[in-house]
Amino acid sequence: MAPVLHSFFLLLVATAAIPGSVNAAASSQQTDALLAWKSSLADPAALSGWTRASPVCTWRGVGCDAAAGGRVTTLRLRGLGLGGGLHTLDFAAFPALTELDLNGNNFAGEIPAGISQLRSLASLDLGNNWMDGSIPPQIGDLSGLVDLCLYNNNLVGAIPHQLSRLPKIAHFDLGANYLTDQDFAKFSPMPTVTFMSLYDNSINGSFPDFILKSGNITYLDLSQNDFSGPIPDTLPEKLPNLRYLNLSKNEFSGRIPASLGRLTKLQDLLIAANNLTGGVPEFLGSMPQLRILELGDNQLGGAIPPVLGQLQMLQRLDIKNAGLNSTLPPELGKLKNLTFLELSVNHLSGGLPPEFAGMRAMREFGLETNWLIGEIPSVLFMSWPELISFQVQDNFFIGRITQEVGMARKLRFLYLFLNDLSGSIPAELGELENLEELDLSGNSLTGPIPSSLGKLKQLINLALFFNYLTGAIPLEIGNMTALQSLDVNTNSLQGELPATITALKNLQYLTVFENNMSGTIPPDLGKGIALQHVSFTNNSFSGELPRHLCDGFALNHLTANYNTFTGTLPPCLKNCTGLFRVRLEENHFTGDISEAFGVHRSLEYLDISGNKLTGELSSDWGQCTNLTLLRMDGNRISGRIPEAFGSMTSLQFLSFFENNLTGGIPPDLGHLNLLFNLNLSHNSFSGPIPASLGNNSKLQKIDMSGNMLNGTIPVALGKLGALTFLDLSKNRLSGKIPRELGNLVRLQTLLDLSSNFLSGWIPQAAFCKLLSLHILILSNNQLTGKLPDCLWYLQNLQFLDLSNNAFSGEIPAAKASYSCSLTSVHLSGNNFTGVFPSALEECKKLINLDIGNNSFFGDIPIWIGKGLPSLKILSLKSNNFSGEIPSELSQLSQLQLLDMTNNGLTGLIPRSFGNLTSMKNPKLISSQELLQWSSNHDRIDTIWKGKEHIFEIKTFAIEIQLLTGIGLSGNSLSQCIPDELTNLQGLQFLNLSRNYLSCSIPENIGSLKNLESLDLSSNELSGVIPPSLAGISTLSILNLSNNHLSGNIPTGNQLQTLTDPSIYSNNSGLCGLPLNISCTNYSLVSDERYYRTCEDQYLSYCVMAGVVFGFWLWFGMLFSIGTLSSCMHEMAMVMRSRSTAGWRPHAVVESAKPWSFSGELPRHLCDGFALQHLTAYHNNFSGTLPPCLKNCTGLVRVLLVENHFTGDISEAFAVHPSLEYLDVSGSKLTGKLSSDWGECIILTLLHLDGTRISGGIPAAFGSMTSLQSLSLAGNNLTGGVPPDLGHLNLLFNLNLSNNSFSGPIPASLGNNYMLQRINLSGNMLNGTIPVARQHCYSAIS
């Protein structure tokens, strides 16, 4: 019996030992599996404790269950930064695993199908990783799975329908992936699911039916997909337990179903950013359990229902950008639990109700971009102790900023910009110790910046620009130690930039431009910090720029133009490789340019014009391959242009005007395919013009005037089909004018070949094609032959100067249908013959006509007086005109200068000349009016004070006085000087010499109070000299010699200064000083009298020459001697430089800042086509824009926001090659966008929001390669979004929202790597969201 018992005992022991051996084997298998997986991970530092030295159940994140034999049941490795994949994990080693949590790591790769071997798994969380590929359908085999979390990965493809058959699943979260292509018909109902999230995928189709059959769902998030169609009416019956419903950012359409009101458990309703319409429904006010209500970014329209004030549990209300057009219901003030209110970007009007003070839990309050008016109630800040954000910008609030704002002590964000607030900035703002951002810009605030703001030690951003603040920036600014951005531009601040600003060690952005600040910049500014953006533009700063301004080498934007800075540029500037935009023009900087700049590969814009920089250009500039604009005008740079400039392939604007550059023009410039403006004028370049420039197909402007270029004009220039401006004047060019210039059919602004040695005929075939040309100047050459018959075909020509050549023959007649636009014609100094040119009769706009020094003959036509009503200058001198002076000339009410000297005119001086209106009174002409008729190039060539002068118009003051006078000398006029001429009190000179005038000098000659020069010599005048002549205080030149005057010479006043006896010589009856002939002893012998007469006559010429020279020095302040083309250049310089009258850089600026102007803009605002800068934003202007605006090719900046302009946009704007900034948002413009916009290649901002423009976006928009911000929101645009927009490599803002665009989103937008903001909402775009969006992620972040 004993052996039997012993055997039984051994059997029991062996049996008991079996589980232990099994557990040990299982533990070893799990240990091996986990260590093998660990060895495959990229960064397993967090698992350093996973070693064989300790049991697996003690390892970090590993959980075991004794009841399961000590096997691993949980693996929780959340947020440990682990990287690698799951394919090396042996799932079969973990049959007891119930929970796998790898959330918040860097796992990548596909989810292995073998994960289905975890048969005991109840919770799988792989969220917040980088898993890709498709979801394995084998997960559907995990029958015990309760929680499935795969959100925020890169999973693609369809959701496997097998997942819908998980029998115990309760938590189902696949959000934030790239899941698409769903066929929900294969899905089964999921009755056990309570949490369902598919947000932020690319799932389309209607509301999924299988979800409606999953009746226990309490949390449903389908947001950020492409679901469409109506929101189901059956939701309350199908999903009665819903507490959270998020359908935002889809394409759901139709009305918000009234049935939603029956979801009695619903607390959070989020259906924003769809295509819902029909207003905010009243039934929402009957859902008292609601905590969150988000309806924004739909086109709901209508009013805000007052019944929403009944939602006592509501904490968050968001109805922004929903087309609401009502007032704010005071009943909303009953929402005592509301912490967040967002009603921005609507059409809300009326005031801000004081009853809102009842929202005592308010934390974030947003009403920006509405039409709200009135004052901001102070009670709000007294009643909202938890307020952290108050944003009511872009409205029409008025009044002062209430002092009570200082009571909202938790406030972090205060945005009041773009309103009509006035008064001073309250000192109480300094009590907001938690404030991080304060923006009060774009108001009408006055007074100083309160020193109390210095207490805002948490403030990061301070924006006070576009106000009327005065005084100095307070010293306390240095206490705002967290400040990163300080912007006070466009105010009236004075004084120096305080030295305390150097204490702001976090400062990155500093702009003080457009103020009245002065003094020096603190020398330590920038020391120890990384400034990125600095602007001192348009002040009166002096001294040097701080040496440490760019010590951090982070500087990318530096503008200090239009100040009086001196000294060298900061040495550190050379090493700021991230420089993007630099404007230093119009200062007094000195030093070698090669010491100031180095290699700046990011640089796009550099303007250092108007300084005193020296040195030579380095070949390093060729490495600045992103540079689009380079201007170094008006410096002292010498040497040659390096050939390396041909490598600057992004260059669009190159200007070295007025330096000391020499050598030849590099042919390599012909490689600059984007160049549209080339200005090398007024240097000492020599040699030929390179034919390679004909390769620059985008060139629109070439100015090489004022050099020593020789050779012929290259035929290749005729290939420049985009050219609108060509100036080769003042060189040494020779040969004939190439007929190929006729191919420049877009030549519009100017063609100037004057002051060269060109010869031959004008090629008829060339000039007949220049139908758009406004200004043609060929003067001072050696051109011969007759004028082309087609000259009058150029119906847009406004200024014509062919003077001082050797043209001959008669002026060709015009065709019957000729429509003349000429305002100024200069044909003087040629050999023209024939009668007065009949073609000029149709030139109704003619202002200046000079045909002197030719051989014209015949009568002066009477139609001049009737047909040329705008004529101001008429010069017919030195011709062979005969007959009488037509009395009809007196009808020229604008005439200020009449010169008929040296002709064969006979008869009387018309008495009607006394009616010449513009000669009656001194005429002051404003600079704007002057530009309208002078085209910036006009001149007056006449006899002035006995000598021929060419007076060129120069607008160095806001008003100038034009020359006014009459010259009729050297004719055969007879009889009396009409008394009526003494009515012309505005006359500055009167020359009637060398005629046969008789009778006496008019007694009232003293009425000509502005007369400076009077010459009546060599006539047959008799009688006494009128005493009134002595009363002309301005008289400096007088000649009465060679007449028959007698009696005493008047004395006193101005005549006492005219002591030259020759003034009165050869008048046998005159006596008295200065003739030294006593009126009581007048008995000189004839020999002595003859001797004195000859001596006096010789002395007269000498003294007159001296007086003329001396007077000219004074008069040169208004007029200077020179040629026409130098005037043209000087006028262009005045347009961009400061004048003696203190003009700002834009000499022709019509500006209406945000006041309350109304009516139309003047039709002639830009007749001179010189307009560069036009701002009229936030007014009440109406009507169409001035037609002349279309031809202002020099436009740089146009800001017409928020007016009521109407008309076709294509009639207002055309090709503006210099345009950089255009914003006409908020008007009523109509029409379609022209493909001509594609030629505005330096345009950086184009905003046409909220107008009525229709049609499509032309593909040519893709050529606007400088464009950075394009916004066409709220129009009637249709068609597809052009893929060509993907070529805009600098674009960072694209807003095409609220139009009717259709079709897919172009994948090419993924190429716009600079894009920071895309808004395509409110359209009819379809298809999938392009995968190419991944390229934008870094920019968007």
Side-chain angles (χ1 to χ4, degrees), residues 520-537 541-645 647-648 651 654-663 666 680 683-684:
T520 59
I521 306 296
D524 288 335
L525 181 64
K527 189 174 184 179
I529 62 176
L531 284 171
Q532 298 178 15
H533 187 119
V534 178
S535 179
F536 302 127
T537 299
F541 289 121
S542 57
E544 293 189 338
L545 284 177
R547 302 292 90 181
H548 303 283
L549 191 63
C550 41
D551 271 6
F553 304 125
L555 197 66
N556 55 54
H557 186 116
L558 173 62
T559 59
N561 43 316
Y562 296 101
N563 282 282
T564 56
F565 286 117
T566 57
T568 59
L569 292 169
C572 56
L573 200 63
K574 189 171 184 176
N575 297 319
C576 285
T577 56
L579 278 176
F580 177 79
R581 186 179 182 88
V582 178
R583 294 193 64 176
L584 304 174
E585 68 265 27
E586 302 305 328
N587 282 285
H588 307 291
F589 292 118
T590 56
D592 192 322
I593 190 171
S594 61
E595 296 298 319
F597 297 98
V599 177
H600 306 281
R601 291 186 173 86
S602 299
L603 190 62
E604 291 194 2
Y605 191 111
L606 174 62
D607 192 342
I608 52 174
S609 305
N611 285 287
K612 301 175 182 178
L613 296 170
T614 57
E616 298 188 1
L617 298 170
S618 164
S619 59
D620 286 345
W621 287 102
Q623 299 182 51
C624 299
T625 53
N626 285 310
L627 196 61
T628 60
L629 182 145
L630 177 59
R631 295 186 68 169
M632 298 185 177
D633 304 337
N635 281 283
R636 300 170 183 177
I637 300 169
S638 57
R640 295 172 173 265
I641 298 177
E643 294 178 357
F645 270 59
S647 302
M648 302 163 70
L651 205 58
L654 177 61
S655 185
F656 290 125
F657 159 72
E658 205 170 55
N659 278 282
N660 300 321
L661 294 169
T662 56
L680 305 179
N683 282 280
S684 297

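What's counted below: heavy atoms across the whole structure, side chains too, no hydrogens, waters or symmetry copies. Numbers here are sequence positions counted from 1.
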**Asked** Atom NE2 of His600 and atom CH2 of Trp621: how far apart are they, to the nearest 0.5 Å?
**Response** 6.0 Å
Run the side-chain donor-acceptor check on residues 577-585: report pairs under 3.5 Å with partners two or more places apart or on a different chain.
{"residue": "Arg583", "atom": "NE", "partner": "Glu585", "partner atom": "OE2", "Å": "3.0"}
{"residue": "Arg583", "atom": "NH2", "partner": "Glu585", "partner atom": "OE2", "Å": "2.4"}
{"residue": "Glu585", "atom": "OE2", "partner": "Asn561", "partner atom": "ND2", "Å": "3.3"}

**Prompt:** Nearest heavy-atom pair of Ser609 and Asp607: which atoms, and what distance?
**Reply:** OG-OD1, 2.7 Å
All N/O donor-acceptor pairs, side-chain side in residues 588-598, below 3.5 Å, sequence neighbours left out:
{"residue": "Asp592", "atom": "OD1", "partner": "Ser594", "partner atom": "N", "Å": "2.9"}
{"residue": "Asp592", "atom": "OD1", "partner": "Ser594", "partner atom": "OG", "Å": "2.7"}

**SG(Cys572) to SG(Cys550) below 2.5 Å** = yes
**Fill in**
Nearest heavy-atom contact between Phe645 and Leu654 is CE2-CD1, 4.3 Å
**Item:** Expected output: side-chain Asn626 to main-chain Ser602 donor-acceptor under 3.5 Å
**Value:** no
**Request:** Look up atom CG in Asn563 and atom CD1 in Ile521, then write down how far apart they are to the nearest 0.5 Å.
**Result:** 7.5 Å
**Asked** For Cys624, which residues count as a disulfide (SG to SG under 2.5 Å) partner, sequence neighbours excluded?
**Response** none
**Message:** Determine whether a donor-acceptor pair (N or O, by modelled atom type, separation under 3.5 Å) exists between the side chain of Ser542 and the backbone of Phe565.
**Reply:** no
**Asked** Step by step, would you call Ile608 with Met632 a side-chain contact (heavy atoms from CB on, under 4.5 Å)?
**Response** CA-CA 5 Å; Ile608 52 174; Met632 298 185 177; 3.7 Å; yes
**Prompt:** Who passes ring pair (Phe, Tyr, Trp, His ring centres under 6.0 Å) against His557, sequence neighbours left out?
**Reply:** His533
**side-chain hydrogen bond (donor to acceptor under 3.5 Å, both in side chains) pairs, two or more places apart, involving residues 520-530** = none
**Item:** Atom of Thr537, atom of Ala560 and distance for their closest heavy-atom approach
**Value:** OG1-N, 3.9 Å
**Pairwise salt bridge (Lys or Arg N to Asp or Glu O under 4.0 Å) hits with a residue in residues 541-556, at least two apart** = Glu544-Arg547
**Message:** I'd like to know if the side chain of Asn660 and the backbone of Ile637 have a donor-acceptor N/O pair within less than 3.5 Å.
**Reply:** no
**Request:** Could you tell me which non-hydrogen atom of Leu661 sits nearest to which non-hydrogen atom of Phe656, and how far apart they are?
**Result:** CD1-CB, 3.6 Å
**side-chain contact (heavy atoms from CB on, under 4.5 Å) evaluation trace for Leu525 with Leu531** = CA-CA 9 Å; Leu525 181 64; Leu531 284 171; 4.3 Å; yes
**Prompt:** Where do Leu606 and Leu627 come nearest, in terms of heavy atoms and distance?
**Reply:** N-CD1, 4.2 Å
**Message:** Can a donor-acceptor pair be found, under 3.5 Å and without considering hydrogens, that links the side chain of Thr662 to the backbone of Ser684?
**Reply:** no
**Request:** Could you go through the side-chain contact (heavy atoms from CB on, under 4.5 Å) check for Leu558 and Leu573 one step at a time?
**Result:** CA-CA 10 Å; Leu558 173 62; Leu573 200 63; 3.9 Å; yes
**Prompt:** Of all heavy-atom pairs between Tyr562 and Asn587, which one has the smallest distance, and what is that distance?
**Reply:** N-ND2, 3.9 Å
